[in-house]
Participant: 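Here it is: the structure, laid out below.
Any value given below was found using the heavy atoms of this structure, including those in side chains, with hydrogens, waters and symmetry copies removed.
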Amino acid sequence: MYRIGQEEIDAVARAINTHDFFKINNSGCEVLNFENELKEYLGNEHCLLMSSGFGALTSALIGLGIGPGDEVIVPAYTYIATALAVTAVGAIPVIADIDSTLTIDPKEVEKKISKNTKAVIPVHIMGFPCDMAALKAIAEKYNIAIVEDACQSMGGKFKCEYLGTIGDAGAYSYNYYKIMTSGEGGALVTNNKKIYERALIYHDSSAVAFFGSQLDGITEPIFGGTEFRISDITGAILREQLKKLPDIISDLHKVKFNLIEKLNNKSLVAPTHDSDGDCATTLALRFGTEEDCKNFAVNCEQDGLGVVIPITTGKHIYTNWTQIMEKRGALHPAMDPFKMKENQGLQMNYTMDMCPRTLDLLSRTAYINLHPDWSDETVSNIANIINKALN
């Protein structure tokens with residue numbers, strides 16, 4: 001969370017004072033308005049606000065018709081929710097190594113494609129853009145879908161296109177730790193009408209047919225789904241957050257480029273697929289050895305600068321995806337994708353060392369988390385700490 005204040009407080013009051021803040025209403029229509037405003041911001045045709053990024057990813061996969069018998073390629077470095085969205089629809093996540101930018105390696109994706117592959121989920125982790133040009137070429141070559149996990153990259157771009165809008169569908173998260181936030185929340189965006197209609201039905205199956213006119217013009221048949229519906233209070237908060245997003249991203253860029261300019265050793269800055277499109281929430285430094293990286297972190301922390309080494313971030317690394325690595329995709333055996341007969345023989349021979357480059361890169365990378373409100377003086381002080389720690 002970066003910037004939140006009186007505007008969001010007033011928005012919540014506005015929603016509550018209608019006494020009509022269920023998602024479907026004739027008063028504030030905060031969710032509907034946010035969806036329309038986000039579509040205008042991104043240039044997308046369809047948007048669904050819901051309870052989480054996980055819900056958006058799952059709804060997108062459902063919209064694509066993915067299920068038992070299918071494989072979906074995911075990166076070895078992403079929050080576990082990416083892989084769990086695949087098992088949630090009954091499919092098998094196939095785990096691929098990352099490249100030097102810490103995003104999924106298109107060459108590894110191509111190696112993992114089989115006759116059962118239906119989609120790939122590139123994750124713009126920490127706001128770092130994936131190589132969407134290479135991934136789109138692969139997807140077209142093998143006729144597979146792209147579902148972008150843009151949960152950590154709202155407002156970022158790849159070659160002037162917003163992250164989350166480049167593939168067949170995209171998912172955003174608005175929980176407390178994200179660039180814009182409502183505490184919890186997520187959104188699915190797509191230009192594909194069939195994905196949208198199926199996701200609409202799936203994400204709110206107990207209410208979509210019974211409240212308002214949500215099914216007007218919908219041609220997909222109703223089917224059973226789940227419940228990711230969100231209230232107008234969330235929509236009201238996010239309308240204000242969206243207004244602040246451009247300035248947040250702009251100021252983050254100023255801070256990041258200012259900090260890099262002040263570094264004595266700029267060669268340590270990790271590569272990126274698009275420095276201008278990068279969300280700039282994080283400065284990533286790449287060291288030659290794990291020991292050098294650890295020593296740098298200790299030196300910085302002695303001077304009061306917190307440093308994160310991503311190999312230590314738990315459920316963001318495939319080796320810590322307990323439910324996946326131990327193949328327990330559901331409580332009931334009949335609902336567990338790893339036990340379904342349709343999935344036997346698919347690529348799920350997971351081992352702790354199957355993505356060595358991911359483990360190596362994450363152990364030699366140090367993150368400095370950035371803030372859009374840092375002054376030039378603050379940036380200079382941080383640069384001095386980094387430069388001192390590198391001596």
Participant: Taking R229 first and then E227, would you say they form a salt bridge - that is, a charged N and a carboxylate O separated by under 4.0 Å?
Facilitator: yes
Participant: Once you measure the plane-to-plane angle for F34 and Y174, does it fall in the parallel (<30°), tilted (30-60°) or perpendicular (>60°) bin?
Facilitator: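 Geometry flag for Y174 against F34: perpendicular rings.
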Participant: In terms of hydrophobic clustering (I, L, V, M, F, W, Y; side-chain heavy atoms under 4.5 Å; direct or indirect links), are L359 and I324 co-clustered?
Facilitator: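 Both belong to a single hydrophobic cluster.
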Participant: Using a strict 4.0 Å threshold on nitrogen-to-oxygen distance, state whether E240 and K244 make a salt bridge.
Facilitator: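 Salt bridge: no.
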Participant: Ion pair present between R14 and E30, side-chain N to carboxylate O less than 4.0 angstrom?
Facilitator: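 Judged by the 4.0 Å cut-off on N to carboxylate O distance, R14 and E30 do form a salt bridge.
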Participant: Looking only at the side chains, is there a donor atom on one of K315 and T322 sitting less than 3.5 Å from an acceptor on the other?
Facilitator: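 Yes, a side-chain donor-acceptor pair sits under 3.5 Å.
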Participant: Test side-chain contact (heavy atoms from CB on, under 4.5 Å) on L263 and L285; report intermediate values, then the result.
Facilitator: CA-CA 11 Å; L263 297 183; L285 301 177; 4.3 Å; yes
Participant: Compute the ring centroids of F128 and H273, then answer whether they are less than 6.0 Å apart.
Facilitator: no
Participant: Holding to side-chain contact (heavy atoms from CB on, under 4.5 Å), I want the full list of residues that pass it with H253, two or more places apart in sequence or in another chain.
Facilitator: I249, F257, A280
Participant: Flag the pair Y79 / F54 as yes when their ring centroid distance falls below 6.0 Å, and as no otherwise.
Facilitator: no
Participant: Looking at K107 and E110, is any side-chain nitrogen of the basic one under 4.0 Å from a carboxylate oxygen of the acidic one?
Facilitator: no
Participant: Tell me whether R328 contacts the main-chain N or O of Q323 through its side chain, where contact means a donor paired with an acceptor under 3.5 Å.
Facilitator: no
Participant: Clusters formed by hydrophobic residues whose side-chain heavy atoms approach within less than 4.5 Å: which one holds V94, and what are its other members?
Facilitator: I73, I104, V109, I113, V120, M132, L135, I138, Y142, I144, I146, F158, L163, I166
Participant: Show your reasoning for whether side-chain contact (heavy atoms from CB on, under 4.5 Å) applies to Y318 and M354.
Facilitator: CA-CA 10 Å; Y318 77 93; M354 65 183 175; 3.6 Å; yes
Participant: NZ of K388: more than 12 outside heavy atoms within 6.0 angstrom?
Facilitator: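 Counting neighbours around NZ of K388, 12 or fewer heavy atoms of other residues, nucleotides or ligands fall under 6.0 Å, so no.
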Participant: Once you measure the plane-to-plane angle for Y350 and F338, does it fall in the parallel (<30°), tilted (30-60°) or perpendicular (>60°) bin?
Facilitator: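 Aromatic pair Y350/F338 classed perpendicular.
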